[in-house]
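First listed ligand is number 1; within each ligand, the first listed atom is number 1.
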Amino acid sequence: TFSPIEKEAIIGVADKVAGHEDAIGAEALERLFCCFPQTKTYFSHLDLSHGSKDLKRHGGNVMRAIGTAAHHLGDIDHALSTLSDLHAQKLRVDPGNFKMLTHCILVTVAIHFCEEFTPVAHAALDKFLCKVSSVLVSKYR
Ligand code: HEM
């Protein structure tokens, strides 16, 4: 569960990202593929070059899903249920990769919204992204 202070910080940053999901998401993915090249193997069917449409589209999808979760903090499991099925049953992404992506999302958000990214917001976002990851890997078996 999230405290009122955590909720405010998470929703505050999500509202800053709103409208810029493609750009923020594409940058987070670019950082992921640059820092952790092994993650590229899951996306061999996409064009991962800088500024590509695929990066923006997929990055936007990821950030919009995170925005949905931010607005359903009491029920993230339900809000991400379909996505959880997809990652666990179809994509079968190694769970270790989620830490790398959420790290890159955190760094990207920190750079773009540095005023909102207080230590309290940092800790709340880290906790929130861990929760999102745990939901997305919860249906593995
Ligand atoms: C697809 C979100 C983590 C690999 C997707 C989609 C979303 C999403 C919204 C599109 C689903 C659809 O088309 O219906 C997320 C979120 C994550 C996460 C919120 C964690 C914060 C990861 C990780 C990997 C990964 C860590 C692998 C390194 C994929 C792949 C697809 C996908 C391969 C299919 C892409 C395509 O073919 O267009 N994800 N994802 N995801 N995700 Fe994730």
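- Atom 43 (Fe) of ligand 1 has no N, O or S atom of His58 under 2.8 Å away, backbone or side chain.
- Shortest distance from atom 43 (Fe) of ligand 1 to His87 is reached at NE2 (N/O/S atoms only).
- Each of the following atoms of ligand 1 lies closer than 4.0 Å to a heavy atom of Leu86: 11 (C).
- In this structure, of Lys90, Arg57, Gln38, the residue bringing a heavy atom nearest to atom 38 (O) of ligand 1 is Arg57.
- The nearest protein atom to atom 4 (C) of ligand 1, hydrogens excluded, is given as Phe43 CZ, 3.3 Å; this is a heavy-atom distance.
- Atoms of ligand 1 found under 4.0 Å from any heavy atom of Asn61, numbered from 1 in the order shown, are 9 (C).
- With respect to atom 31 (C) of ligand 1, the closest heavy atom belonging to the protein is Leu91 CD1, 3.5 Å.
- Between the side chains of Ser49 and Asp47, at least one donor N or O sits under 3.5 Å from an acceptor N or O.
- Within the 4.5 Å cutoff, the side chain of Val132 has heavy atoms near those of the Leu80 side chain.
- Contact annotation for atom 13 (O) of ligand 1: protein absent (non-hydrogen atoms, distance under 4.0 Å).
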Pair Leu125-Ile105, side-chain contact (heavy atoms from CB on, under 4.5 Å): steps then yes or no
CA-CA 10 Å; Leu125 285 167; Ile105 291 171; over 6 Å; no
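- Below 3.5 Å of separation, one finds no N or O of Thr102 facing any N or O of ligand 1.
- Contact annotation: for Leu80 versus ligand 1, there are no heavy atoms closer than 4.0 Å.
- Residue Leu32 does not touch ligand 1, judged by heavy-atom distances below 4.0 Å.
- The single protein non-hydrogen atom nearest to atom 16 (C) of ligand 1 is Leu136 CD1, 3.4 Å, given as residue, atom name and distance.
- Heavy-atom distances between Met100 and ligand 1 stay at or above 4.0 Å for every pair.
- The side chain of Val93, and not its backbone, has at least one atom closer than 4.0 Å to an atom of ligand 1 (non-hydrogen atoms only; side chain from C-beta on).
- Near Asn97, meaning under 4.0 Å from one of its heavy atoms, ligand 1 places the atoms 26 (C), 28 (C).
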Thr108 and Glu30: side-chain contact (heavy atoms from CB on, under 4.5 Å), yes or no, with the steps?
CA-CA 10 Å; Thr108 305; Glu30 198 172 343; over 6 Å; no
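- A 4.5 Å side-chain heavy-atom check between Lys40 and Leu46 finds every atom pair outside the cut-off.
- Residues Phe36 and Arg31 fail the side-chain proximity criterion, which asks for heavy atoms closer than 4.5 Å.
- Environment of NZ in Lys127: crowded, with over 12 heavy atoms of neighbouring residues, nucleotides or ligands closer than 6.0 Å.
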Derivation and outcome, ring-ring contact (aromatic ring centres under 6.0 Å, His included), residues His112 and Phe117
CA-CA 9 Å; His112 288 270; Phe117 203 81; over 10 Å; no
Determine, step by step, whether Leu106 and His122 satisfy the side-chain contact (heavy atoms from CB on, under 4.5 Å) criterion, reporting the C-alpha distance in whole Å, the side-chain angles of both residues, the deciding distance to 0.1 Å, and the verdict.
CA-CA 8 Å; Leu106 208 56; His122 180 165; 3.9 Å; yes
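- The closest side-chain donor-acceptor pair between Asn97 and Tyr42 falls under 3.5 angstrom.
- Contact record, Phe128 with Ala70: CZ-N, 3.5 Å, taken as the closest heavy-atom pair.
- Contacts of Leu83 with ligand 1, taken as heavy-atom pairs under 4.0 Å, involve the side chain alone.
- Checked by distance only, ligand 1 and His45 come closer than 3.5 Å through their nitrogen or oxygen atoms.
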